[in-house]
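Notes for the one structure printed next.
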Amino acid sequence: MNPTEPSEGRASDRGVQKHVLNRIDDKTVGELREIAARYPHKRSGLLPMLHLVQSAQGRITPEGIETCAEILELTSAEVSGVATFYTMYKRRPVGDFHVGVCVNTLCAVMGGDEIYDRLSEHLGCGNDETAERREGDTATVSLERIECNAACDYAPVAMVNWEFMDNQTPQSAKDLVDDLRAGKEVHSTRGPRLVTWREAERVIAGFNDDLANEGPSAGPASLVGRNIARERGWTAPGVPASNEQKGEGE
Amino acid sequence: MSDMLTPVLTDNWGDERSWTIEAYEAQGGYRALSKALAMSQDDVIAAVKDSGLRGRGGAGFPTGMKWGFIPQDNPNPKYLVVNADESEPGTCKDIPLMMASPHTLIEGVIISAYAIRANHAFIYVRGEVLHVIRRLQHAVKEAYLAGHLGKNIHGSGHDLELVVHAGAGAYICGEETALLDSLEGRRGQPRLRPPFPAVAGLYASPTVINNVESIASVPSIIEHGPDWFSSMGTERSKGYGIFSLSGHVTNPGQFEAPLGITLRELIDLAGGMRNGHKLKFWTPGGSSTGILTDEHLDVPLDFEAVAEAGSMLGTRALQIFDETTCVVRATLRWTEFYKHESCGKCTPCREGTWWLVQSLAKLEKGEGTEADLDVVLDQCDNILGRSFCALADGAVGPITSSIQYFRDEYIAHLTHGGCPHDPAASTLFAPAGASA
């Protein structure tokens, strides 16, 4: 370990903890307390608080664990035990854009395995690793094999910072990461322009970024049955068929 | 007789800015709330009971009965928790619902919380769906501004605080007691029952936990009446539900239909199997429900008929695989999923899923003998029903069912010295000429 880096853990020493607390700024501490106050029992705030730690610090840090523990009157071991249980909490930094490729059965069969392999080769990194920043790159990309993300009708699916990137091919996935590394504007197929991983973690922690009105109501696959029903005049009993102006658009 | 498709929840999904309160109210949204607040709480529970609505999160427990289990003489606060942790492989209905029409869910939450006398409700949404979380947060804010949430809602005397709570990536948190532990800021590990959450749930207080689609169905039941709801569906599986078709069909997507529609009808609506291919196997309700084959195309997709066919209706997550797909590969991948997602609390699940992966991986590589299939089945037998929750039961489902229907294909791996299929043929970008 680099000797200039603060040591990990061993925060029982008050001096260390004080030093540690200084590294999470007062604004963030205030927001962590604000999260805890949303709940009838403050410990319920721990999951969103850990998301906010990731937003502020780029990963789950020992300092973040100590701060959450202090606010919730828990031991750091109790907080660590929670932080290590959930896959969205990262103990090592991820890229500005964290790319997940679904390799659960359906997506894998439909092409997810091949997409993951090609992408891993293209980026020169494996699961849960960040690709090396090349000269000229304005952003970094990390890669993860993910489980089913509830978008099976858009298989094969990738996620970037937990936004949907539907209907991928090996080529589209390669283009996607190239665009992200080059700093080009990339939009989710069912959402807004992609924000960075740390910005996304802030929203997940409960601090909305006012982008809810971006993107469509639904992607095309979500509307297949609804549109057939409209074409054929099928409705639930006693509900008048929707008129044409009600729209097929998004 | 109902029409083949009956869009209720999905009806507004393509509308202009459907996620906003203006669009939702313009098409009649929040009318059911006014109607419910004018009813007694017990009458709301009775309406949901009479409708026959059964839980849409997989288990199919009657929703109104669950609400009736809340002991109203318990002095603790009552809680309503929405399970929006949609993670069962193949299941993809709640996420588009919350993205397109979060107010349908929120209106259901307010009515349901009123019925069970809960002043605090939570939507536990999985963390990996950023835009859905945004839309939920935004919609909750709109609902507060409109006076649908907060103190003394529309003069009813009922208060409700609603919190959108994002998880952090753990399939097990879709299990209701693990979800409660997670919502209390702990590792998501299931609890032993009894006590059931209705008696001792969140913070050891009476708690109702319902799936997104169950709660979202409540406004329509209140608005149109229980008889309207129960006029759809089959004898013991009432109402409509969202059927999610994915995989090797021409047009995968969401199809909202009365329970009892068949896979043959649904595949037809989805434009048939992809060009030139035929159905090999499918899951009726996610990977935890045992696979079925083309023998089962005409099984009515309701709770009873699918159970009779040896599987479960589950979440109506119909994952369709054609003849290019290796069933052993599919089964191994699902098993790896369960191994990865086992929370580690119960030994049969934690250790058993690990051993199942070892055994199946060997078989997939064509190593071992036919006797190893019996070892795998014996392992399954030692896992099924021996853990706190249903994760391990779900893990053995694809294995036992795939061996039941495709034993020959397992053996072909042994005689062939590996997988006889070309994985490229099953991809959507299969090169011309690739075949099984």
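Keep in mind that this is a model prediction, so the values were computed, not measured. To find a chain, count down the sequence lines: A is the first, B the second, and so on, and within it residues start at 1.
Between A:His41 and B:Tyr203, the ring planes lie parallel to each other; the angle is under 30°, not in the 30° to 60° tilted range.
Heavy atoms closer than 4.5 Å to chain A are found in the side chain of B:Phe122, but not in its backbone. With a threshold of 4.5 angstrom between heavy atoms, A:Arg232 approaches chain B through side-chain atoms but not through N, CA, C or O. Residue A:Ala151 touches chain B through its backbone alone, counting heavy-atom pairs closer than 4.5 Å. Both the backbone and the side chain of A:Met110 come within less than 4.5 Å of a heavy atom in chain B. Proximity to chain A (any heavy atom under 4.5 Å) is shown, for B:Ile242, by neither the backbone nor the side chain. Both the backbone and the side chain of A:Ala200 come within contact range of chain B, judged by heavy atoms closer than 4.5 Å. At a 4.5 Å heavy-atom cutoff, the contact between A:Asp113 and chain B is made by side-chain atoms alone. At a 4.5 Å heavy-atom cutoff, the contact between A:Val103 and chain B is made by backbone and side-chain atoms alike. Proximity to chain B is absent for every atom of A:Gln54, based on heavy atoms less than 4.5 angstrom apart. The parts of B:His248 that come within reach of chain A are both its backbone and its side chain, each placing non-hydrogen atoms under 4.5 angstrom from that chain. Interface remark: A:Tyr154 contributes no atoms to any contact with chain B (heavy atom separation under 4.5 Å). Contact annotation for B:Met232: only side-chain heavy atoms (C-beta onward) come within less than 4.5 Å of a heavy atom of chain A. Contacts between B:Glu256 and chain A at a heavy-atom distance below 4.5 Å are absent for every atom of the residue. Of the two parts of B:Phe337, the backbone and the side chain both hold a non-hydrogen atom closer than 4.5 Å to a non-hydrogen atom of chain A.
Atom CZ in B:Arg333 sits 11.5 Å away from atom CG in A:Leu106 (nearest 0.5 Å). For the atom pair CH2 of A:Trp162 and CD1 of B:Ile133, the computed distance is 10.5 Å after rounding to the nearest 0.5 Å. Atoms CD and CD, from A:Glu163 and B:Glu128 in turn, are 13.0 Å apart once rounded to the nearest 0.5 Å. The distance from atom CD of B:Gln319 to atom SG of A:Cys152, rounded to the nearest 0.5 Å, is 6.0 Å.
Panel note: side chain B:Thr6, backbone A:Thr235; no donor-acceptor pair is recorded below 3.5 Å. Proximity of a side-chain donor or acceptor of A:Tyr86 to a complementary backbone N or O of B:Gly188 within less than 3.5 Å is detected. Here the side chain of B:Arg134 pairs no donor or acceptor atom with the backbone of A:Asn208 at under 3.5 angstrom. Looking at B:Trp13, its side chain never comes within 3.5 Å of a backbone N or O of A:Arg226 through a donor-acceptor pair.
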Item to check | side-chain contact (heavy atoms from CB on, under 4.5 Å) between A:Leu46 and B:Arg186, intermediate numbers included | outcome: CA-CA 8 Å; A:Leu46 183 53; B:Arg186 299 167 196 280; over 6 Å; no
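Chosen from B:Asp94, B:Leu183, B:Thr20, the residue pairing most often with chain A at heavy-atom distances under 4.5 Å is B:Leu183. Your options are B:Gly90, B:Ala170, B:Pro96, B:Ser87, and the one with the most heavy-atom pairs under 4.5 Å with chain A is B:Gly90. Each of B:Ala270, B:Ala330, B:Pro77 has some count of heavy-atom pairs under 4.5 Å with chain A, and the biggest count is that of B:Ala330. Residue with the most contacts toward chain A among B:Gly127, B:Ala168, B:Cys173, B:Pro7: B:Ala168 (heavy-atom pairs, distance under 4.5 Å). Highest contact tally toward chain A, considering only B:Gly185, B:Ser101, B:Gly253, is held by B:Gly185 [criterion: heavy-atom pairs under 4.5 Å].
More than 12 heavy-atom neighbours from other residues, nucleotides or ligands sit within 6.0 angstrom of CZ on A:Arg198.
At least one side-chain heavy atom of A:Arg190 sits under 4.5 Å from a side-chain heavy atom of B:Met99.
Using a 4.0 Å cut-off between a side-chain N of Lys or Arg and a carboxylate O of Asp or Glu, A:Asp153 and B:Lys93 do not qualify as a salt bridge.
When all heavy atoms of A:Ser217 and B:Asp15 are compared, the closest pair comes out as OG-O, 2.8 Å.
Ring centers of B:His120 and A:Tyr39: at least 6.0 Å apart, outside the cut-off.
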